[in-house]
Amino acid sequence: MGLGLFIIMIAVGAILTFATDWELATVDLDLVGLILMGVGLLGTAVYSSVLRRRRMVVPPVAPTVTDDDRRDRL
């Protein structure tokens with residue numbers, strides 16, 4: 001699941017909550033929209049947190065050579 005899916009979930013949830021007035025006997029569409037927006041916001045936060053960790057670049061550590069190491073090789 002990518003970031004786009006979570007943004008789409010937020011948009012669909014907002015449409016169901018604020019832009020429709022459909023009435024179903026068994027399903028409360030306002031609640032479904034709020035749930036979709038909540039899951040979308042939570043997913044966006046988690047995804048961006050994981051993405052931030054993945055993008056952290058650790059500089060490579062160069063091996064240090066001391067004078068003692070050079071003398072042992074000779």
- OG1-CD1 distance between T44 and I7, expressed to the nearest 0.5 angstrom: 6.0 Å
Please output the side-chain donor-acceptor pairs of residues 29-40 that fall under 3.5 Å, not counting sequence neighbours, one pair per line with the distance.
none

- Would you confirm whether S49, through its side chain, and A45, through its main-chain N or O, come within 3.5 Å as a donor-acceptor pair? no
- Task: Return the set of residues passing side chain to side chain contact (heavy atoms under 4.5 Å, CB included) with I15 (not counting sequence neighbours), or none when no residue passes.
- Result: A19, T20
- Treating Ile, Leu, Val, Met, Phe, Trp and Tyr as nodes and any side-chain heavy-atom pair under 4.5 angstrom as an edge, say whether F6 and I8 lie in one connected cluster. yes
- Message: Is there a continuous path of hydrophobic side-chain contacts, each under 4.5 Å between heavy atoms, that joins W22 to V12?
- Response: yes
